[in-house]
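As structure tokens, the structure follows; a few thoughts come after it.
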Amino acid sequence: MTSAVAGPDGLPRCPWGLSTEDYVAYHDTEWGRPVRGDDALFERLSLEAFQSGLSWITILRRRETFRAAFAGFRISEVARFTEKDRERLLGDPGIIRNRLKVDATLANAEALAQWAPGELTELIWSYAPDPAGRPLPRTTADVPAVTDESTALSKTLKKRGIRFVGPTTAYALMQACGLVNDHLEACAFADVTAAR
């Protein structure tokens with residue numbers, strides 16, 4: 001059980017947010033803040049899938065390369081990728097060259113290109129639990145890896161043709177995109193989702 005830890009600037013943070021400079025910036029300015037927009041959520045969904053089995057720092061440090069490789073994660077553009085693009089991605093040392101994850105990202109873009117504008121955003125945010133019924137975690141032991149909502153979101157996305165999105169990946173997406181607030185209670189950034 002670990003509580004919030006004071007950083008070099010004296011501000012208490014979630015312990016993981018202090019392990020590298022990259023994490024400090026991500027924790028302080030991005031993690032847990034509400035993300036809306038189909039392309040933005042497609043990016044987060046894709047990166048969470050690529051992260052599966054790896055540490056998030058591996059993905060975070062390659063994010064700009066991922067963005068360049070996947071046309072800024074614009075669904076309409078990725079949906080038009082060809083076999084030549086697929087081979088390019090599988091040969092790109094700047095991303096994670098996992099065939100299953102690359103194929104899932106391309107297939108997901110093709111599926112999402114058939115959805116109405118805003119439909120992905122609406123679907124994902126419909127699984128955000130009521131924040132009033134979820135107290136902030138006091139320690140890292142209070143932060144779940146999976147919830148009923150993430151399990152339901154995962155099932156719905158899979159039924160709609162989205163691949164590589166199990167309940168744990170779905171929950172990581174919910175945390176990263178502000179659907180849930182898992183900043184520790186004593187963390188100086190615990191109020192980031194208050195206005196969602």
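The shown structure was predicted, so the numbers you read here are calculated from the model rather than taken from an experiment. By convention here, the first residue in the shown sequence is residue 1.
For W125 (side chain) and V35 (main-chain N/O), a donor-acceptor pair under 3.5 Å exists by modelled atom type. R134 places no side-chain N or O within donor-acceptor distance of the main-chain N or O of D130, the cut-off being under 3.5 Å. A distance-only check finds a donor-acceptor pair linking the side chain of K101 to the backbone of S52 [under 3.5 Å]. Counting only distance, with no hydrogens or angles, the side chain of N181 and the backbone of L136 share no donor-acceptor pair below 3.5 Å. Although no hydrogens or angles enter the test, the distance criterion places a donor-acceptor pair under 3.5 Å between the side chain of S150 and the main chain of P167. Checking side-chain atoms of H183 against main-chain N and O of W31 turns up a donor-acceptor pair under 3.5 Å. A donor-acceptor distance shorter than 3.5 angstrom exists from the side chain of R74 to the backbone of A71, with no hydrogens or angles considered. D142 places a side-chain N or O within 3.5 Å of a backbone atom of T139 that can act as its donor or acceptor partner. Checking side-chain atoms of T121 against main-chain N and O of D38 turns up a donor-acceptor pair under 3.5 Å. At distances below 3.5 Å, not a single donor-acceptor pair connects side-chain atoms of R13 with backbone N or O atoms of L184.
Both L47 and I57 sit in one connected hydrophobic cluster of ILVMFWY residues. Membership requires side-chain heavy atoms under 4.5 Å apart, directly or through other members. A single hydrophobic cluster is seen to contain both L54 and L90, as judged by linkage of ILVMFWY side chains at heavy-atom distances under 4.5 Å, directly or through other members.
What you find for T169 and F164 is that their closest heavy atoms are CG2-O, 4.0 Å. Minimum heavy-atom separation, D85 to F81: OD2-CA, 3.3 Å. For F66 against I96, the heavy-atom pair with the smallest separation is CZ-N, 3.5 Å. Between L179 and P129, the shortest heavy-atom distance links the atoms O-CD, 3.7 Å. Residues A6 and G10 share a closest heavy-atom pair of CB-O, 4.1 Å. In terms of heavy-atom proximity, P93 sits nearest to G91 at CD-O, 3.2 Å.
Under the 6.0 Å distance and 45° angle rule, R63 does not count as a cation-pi partner of Y26.
A heavy-atom distance below 4.5 Å is found between the side chains of E149 and M174. The side-chain heavy atoms of C177 and R33, taken from C-beta on, include no pair separated by under 4.5 Å. With a 4.5 Å cut-off on side-chain heavy atoms, R61 and T20 count as touching. Residues Y23 and W56 have side chains in contact (heavy-atom distance under 4.5 Å, counting atoms from C-beta outward). Put simply, the side chain of S46 reaches to within 4.5 Å of the side chain of F73, judged on heavy atoms. Two residues are said to be in side-chain contact when any heavy atoms from C-beta on lie closer than 4.5 Å; C187 and H27 meet this criterion. Under the 4.5 Å side-chain criterion, counting only non-hydrogen atoms from C-beta, V5 is not in contact with P12. A 4.5 Å side-chain heavy-atom check between T156 and I162 finds every atom pair outside the cut-off.
To the nearest 0.5 Å, the span separating CG on L120 from CG on L41 amounts to 5.5 Å. Atom CG of L60 and atom CG of D22 lie 5.5 Å apart (nearest 0.5 Å). Annotation: the span from T2 atom OG1 to R138 atom CZ amounts to 15.5 Å, rounded to 0.5 Å. To the nearest 0.5 Å, atoms CZ (R163) and CG (L45) are separated by 12.5 Å. Here the CG atom belonging to D9 is positioned 8.0 Å from the CG atom belonging to L18, to the nearest 0.5 angstrom.
For CZ of R97, the number of neighbouring non-hydrogen atoms (other residues, nucleotides, ligands) closer than 6.0 Å is greater than 12. Within 6.0 Å of CD in E83 there are more than 12 heavy atoms belonging to other residues, nucleotides or ligands. When the shell of 6.0 Å around CG of D148 is examined, it contains 12 or fewer heavy atoms from other residues, nucleotides or ligands.
For the pair R86 and D103, the salt-bridge criterion is met [side-chain N within less than 4.0 Å of a carboxylate O]. A salt bridge links R44 with E30: the closest approach of a Lys/Arg side-chain nitrogen to an acidic carboxylate oxygen falls below 4.0 angstrom.
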Starting from the C-alpha separation in whole Å, work towards a yes-or-no answer on side chain to side chain contact (heavy atoms under 4.5 Å, CB included) for W16 and T140. CA-CA 9 Å; W16 67 266; T140 53; 5.8 Å; no
Passes salt bridge (Lys or Arg N to Asp or Glu O under 4.0 Å), R80 versus E77? Steps please. CA-CA 5 Å; R80 293 194 304 269; E77 291 188 36; 5.2 Å; no
If you apply the rule salt bridge (Lys or Arg N to Asp or Glu O under 4.0 Å), what do you find for E87 with K84, and how did you get there? CA-CA 5 Å; E87 292 307 315; K84 185 176 180 182; over 6 Å; no
R160 and E119: CA distance, side-chain angles, deciding distance, salt bridge (Lys or Arg N to Asp or Glu O under 4.0 Å) verdict: CA-CA 11 Å; R160 297 287 308 271; E119 192 172 354; 2.8 Å; yes
Side chain to side chain contact (heavy atoms under 4.5 Å, CB included) assessment of E48 paired with Q51: CA-CA 5 Å; E48 292 294 350; Q51 184 270 330; 4.0 Å; yes
Steps toward side chain to side chain contact (heavy atoms under 4.5 Å, CB included) verdict (V165, L173): CA-CA 9 Å; V165 59; L173 175 76; 5.8 Å; no
Could you go step by step and tell me if R67 and E43 meet the side chain to side chain contact (heavy atoms under 4.5 Å, CB included) rule? CA-CA 8 Å; R67 286 174 172 164; E43 175 183 343; 2.8 Å; yes
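No side-chain donor from either of T151 and S154 sits under 3.5 Å from a side-chain acceptor of the other. Counted by atom type alone, D182 and Y171 present one or more donor-acceptor pairs between their side chains at under 3.5 Å. In this structure, a donor-acceptor pair under 3.5 Å is absent between the side chains of T105 and N108.
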